[in-house]
Amino acid sequence: MDPMSEDQPDFNGLHVAAFESRNAGEMARLIERHGGVAHVSPSMREAPLAENRLAIDFAHQLITGQISIVIFLTGVGFRHLVSAVERHVDRQRFLDALADITTICRGPKPTVVMKEFGLTPTHRVPEPNTWRELLTTIDQNIPVGSQTVAVQEYGKTNPSLIAGLEARGANVLCIPVYTWELPEDCGPLEANVRALAAGELDVILFTSANQATNLLRVAERLDLVAEVRRRMRETVVASVGPTTSETLRDFELPVDIEPEHPKMGPLVATAARRSAELRQRKQRISTLFSDPSSDVLDKQAPWYNSPFMKACRLEPTDVTPIWMMRQAGRYMAEYREVRAKTTFLELCKNPQLCSEVMCTAVNRLGVDAAIIFSDLLPILEPMGLDLEFAQGEGPVIHNPVREGADVDRVLELESVDSLHFVTETVRQTRADLPEDMPLIGFAGAPFTLASYAIEGGSSRNYLHTKTLMYRDEGAWRSLMERFVRAVTLYLNAQIAAGAQCVQLFDSWAGCLGPDDYRRYALPYVREIIAGIVPGVPVINFGAGNPALLPLLAEGGSAVVGVDWRVRLDEAWKTVGYDRAVQGNLDPTSLLADRDEIRRRAKDVLDQAAGRPGHIFNLGHGILQQTPVDNAIALVDAVHELSTS
């Protein structure tokens with residue numbers, strides 16, 4: 001017996017598939033050594049380009065001094081490049097020319113191969129060896145403006161790397177040296193694809209982005225793409241590093257595990273350590289989605305024809321429905337009594353108490369819809385951000401994202417199991433509410449979540465957020481896409497647990513002008529809304545800048561939330577009468593006397609003009625100083641005035 005076996009991670013008999021080609025034998029031994037049942041099928045072979053004119057032309061340019069910098073992305077690629085050019089130019093002369101210029105190796109493998117040819121690279125990119133670290137190495141060491149930079153490619157072009165080089169003023173010359181083809185014998189790969197589609201595999205290991213490409217190619221050939229994609233949501237998926245993970249996510253495939261060091265050994269060890277627990281989590285989530293507490297399309301459900309749900313669908317109602325953002329909060333004595341016994345974050349993680357404070361508020365106010373009691377920010381904790389609700393300071397992120405490189409430590413939210421207290425809050429609140437009252441789930445929109453993560457808390461000018469957004473759009477895109485995937489998963493889990501509607505809160509989007517919102521926020525909001533369970537109404541609420549209203553409408557939600565900085569009639573005309581609107585009384589109106597509250601409520605209702613699709617709300621959350629009786633008076637006034 002291996003003397004280390006008692007201490008090393010163990011798959012405990014899980015069936016583990018891998019797609020390694022050159023190192024298939026070593027991969028199988030690693031899996032078995034860690035207690036797994038190995039299913040290793042080579043998935044690709046390198047096919048050198050037969051007559052590579054681009055490589056030959058590059059060699060001539062190099063020898064004649066026209067190339068300033070060469071980037072080598074793979075060791076195999078370096079060998080193929082030498083082989084392609086040595087039949088046309090003197091090999092030693094080519095190597096000597098490389099020795100005279102700046103060379104950059106993306107990682108250890110091209111470095112090793114260069115040394116076999118008697119060369120030492122000028123710079124070696126540190127782990128995890130992605131295009132981001134490569135560009136950082138260039139920024140720290142090499143001015144590339146107006147320089148001709150050759151990039152030895154592998155398989156296909158990396159558009160992010162090329163764009164990054166061009167943004168720094170480089171003239172980029174791409175040198176393809178080989179393509180990735182399917183193995184000559186596809187039998188073992190086909191067997192693994194069938195096993196995956198049949199649910200016979202527990203863990204899948206990817207050591208290359210191209211393995212995923214070829215896996216899907218074979219699945220398509222076998223007419224099993226839909227089954228493979230479905231099963232991968234239930235199977236633990238481990239990726240060797242960020243580059244492979246990005247490709248998997250581009251294919252809309254999950255990534256559950258990524259080792260600290262992007263190598264085969266750490267990949268297998270990390271997967272062995274974590275797979276059993278992750279497999280159980282993913283099965284629980286699969287069960288949650290396959291057996292929701294309420295069917296949002298069930299027309300016989302008690303809440304289906306409630307005023308709130310009918311308004312979301314633009315259907316006429318007997319009364320204008322009303323609920324209020326932050327309707328369970330510090331303005332209520334019952335809430336303050338609960339909060340005196342626990343911290344805010346602890347309260348958010350206690351489903352029974354969350355349900356209690358919301359149901360208490362609903363009963364006292366007489367509103368037409370409930371929203372789960374939670375917060376925008378707990379989703380950041382399982383994504384690797386150190387969140388604290390400091391006394392008197394509000395939310396604080398102790399490890400904010402300030403530089404592009406920091407984005408890589410923001411973890412992917414591949415499972416909502418770490419947020420089980422929220423889904424349980426939905427279940428508990430749904431069970432405790434009257435059957436005919438709709439329940440609203442919610443999440444922060446990507447821009448607002450990103451702003452908290454970058455600023456480290458509240459902000460007046462969003463200096464750090466906009467600096468990262470403007471300076472490193474690639475990092476911004478990567479961060480926002482992480483939040484898109486997380487929020488989509490999170491909201492759909494709330495729906496599966498019993499929510500009838502969900503709201504996106506973009507509380508800080510008002511700091512953006514329309515052009516910036518369209519470029520840096522709208523695409524990600526649109527992607528989330530498109531990914532919500534069909535038939536579930538989404539409320540898209542962005543505060544602080546009425547000029548964003550037409551863009552909020554472009555997000556594709558059934559309902560657009562409107563704050564108090566614009567008249568409701570103008571807002572509805574702007575977003576279009578083909579969607580519902582929610583709003584929009586100034587929250588400070590509730591500090592006035594009852595007659596003024598009633599007058600202002602009537603003004604908002606008059607602007608809605610009885611048109612189907614109006615949900616009465618405040619333009620933002622209830623203020624702490626609001627008398628509870630005034631909030632009740634508003635609800636009563638809206639109901640009375642809209643039925644008269």
Side-chain angles (χ1 to χ4, degrees), residues 128 132-133 136 139 242 258 260 325-326 329-330 339 342-349 374-413 418-419 421-422 442-487 489-490 504-513 516-517 519-521 524-525 528 541-545 548 620-621 624:
R132 291 193 181 90
E133 286 75 41
T136 299
D139 289 340
E258 192 178 290
E260 184 177 354
M325 288 178 276
R326 218 178 287 146
R330 290 178 292 178
R339 271 288 281 115
T342 185
T343 68
F344 179 71
L345 201 52
E346 288 169 346
L347 172 57
C348 289
K349 295 181 179 181
S374 187
D375 192 78
L376 303 183
L377 302 185
I379 193 174
L380 299 180
E381 282 194 305
M383 299 184 75
L385 293 158
D386 185 6
L387 170 66
E388 178 189 6
F389 283 86
Q391 186 70 29
E393 296 181 29
V396 177
I397 306 293
H398 293 291
N399 57 340
V401 175
R402 290 288 167 81
E403 304 292 338
D406 293 339
V407 172
D408 287 332
R409 61 175 168 78
V410 178
L411 305 178
E412 195 74 25
L413 184 72
S418 54
L419 293 163
F421 52 90
V422 178
F442 73 89
F447 178 81
T448 292
L449 292 177
S451 297
Y452 271 110
I454 295 167
E455 299 295 335
S458 299
S459 175
R460 292 185 177 181
N461 54 23
Y462 308 93
L463 174 67
H464 299 296
T465 301
K466 292 188 175 182
T467 297
L468 178 62
M469 188 173 77
Y470 294 146
R471 285 186 179 176
D472 195 338
E473 192 164 353
W476 176 261
R477 184 183 308 111
S478 179
L479 179 62
M480 294 291 274
E481 287 173 348
R482 275 178 170 82
F483 285 130
V484 166
R485 293 186 290 269
V487 170
L489 179 67
Y490 184 46
L504 270 178
F505 282 87
D506 219 346
S507 309
W508 288 7
C511 75
L512 297 175
D516 278 350
Y517 182 86
R519 178 170 180 173
Y520 297 108
Y524 310 106
V525 170
I528 289 172
F541 175 68
N545 185 354
L548 301 182
H620 211 290
Q624 181 181 357

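Side-chain contact between L512 and N545 is absent, with no heavy atoms from C-beta onward closer than 4.5 Å. Looking only at side-chain heavy atoms (C-beta outward), C511 and K466 come within less than 4.5 Å of each other. Looking at heavy atoms from C-beta onward, F442 lies out of side-chain contact with V422 at the 4.5 angstrom threshold. Residues P378 and F421 form a side-chain contact, since some pair of their non-hydrogen atoms from C-beta on lies under 4.5 Å apart. T465 places none of its side-chain heavy atoms less than 4.5 Å from the side chain of S459. Side-chain atoms of S478 and V410, non-hydrogen and from C-beta on, never get closer than 4.5 Å to each other. At a threshold of 4.5 Å between non-hydrogen side-chain atoms, the residues F447 and Y524 do not count as touching. Contact annotation: the side chain of R519 approaches that of E473 to within less than 4.5 Å [non-hydrogen atoms, C-beta and beyond].
When all heavy atoms of A475 and L468 are compared, the pair lying nearest together is CB-CD1, 4.3 Å. Heavy-atom minimum distance, M480 versus A521: CE-CA, 4.3 Å. Among all heavy-atom pairs drawn from P395 and L377, the shortest one is CB-CD1, 3.3 Å. When all heavy atoms of Y452 and I397 are compared, the closest pair comes out as O-CG1, 3.6 Å. Closest heavy-atom contact between A509 and L548: O-CD1, 3.4 Å. The shortest non-hydrogen separation linking P446 to V525 is CD-CG2, 4.4 Å.
Between R339 atom CZ and R330 atom CZ the span is 8.0 Å, to the nearest 0.5 Å. Between L504 atom CG and F541 atom CZ the span is 12.0 Å, to the nearest 0.5 Å. Remark: E388 CD to T343 OG1 distance equals 9.5 Å, nearest 0.5 Å. A distance of 10.0 Å separates CG of L347 from CG of D375, quoted to the nearest 0.5 Å. With rounding to the nearest 0.5 angstrom, the CG atom of L449 is 14.0 Å from the CZ atom of R482. If you take OH on Y490 and CG on L419, they are separated by 5.5 Å, rounding to the nearest 0.5 Å.
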Side-chain donor-acceptor pairs under 3.5 Å in residues 399-408, sequence neighbours left out?
{"from": "N399", "atom 1": "OD1", "to": "D386", "atom 2": "N", "distance (Å)": "2.7"}
{"from": "N399", "atom 1": "ND2", "to": "G384", "atom 2": "O", "distance (Å)": "2.9"}
{"from": "R402", "atom 1": "NE", "to": "I454", "atom 2": "O", "distance (Å)": "2.6"}
{"from": "R402", "atom 1": "NH2", "to": "E455", "atom 2": "O", "distance (Å)": "2.9"}
{"from": "D406", "atom 1": "OD2", "to": "R402", "atom 2": "N", "distance (Å)": "2.9"}
{"from": "D406", "atom 1": "OD2", "to": "E403", "atom 2": "N", "distance (Å)": "3.0"}
{"from": "D408", "atom 1": "OD1", "to": "R132", "atom 2": "NH1", "distance (Å)": "3.3"}

Inset, instruction - Begin from the C-alpha positions of Y470 and Y520 and carry the test side chain to side chain contact (heavy atoms under 4.5 Å, CB included) through to its verdict. - result: CA-CA 9 Å; Y470 294 146; Y520 297 108; 3.7 Å; yes

Inset, instruction - Would you please test Y462 and M469 for side chain to side chain contact (heavy atoms under 4.5 Å, CB included) and show each step? - result: CA-CA 10 Å; Y462 308 93; M469 188 173 77; over 6 Å; no

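Looking only at distances, no side-chain donor or acceptor of W508 sits under 3.5 Å from a matching main-chain atom of S451.
Under the ring-ring contact (aromatic ring centres under 6.0 Å, His included) criterion, F483 pairs with no residue, sequence neighbours left out.
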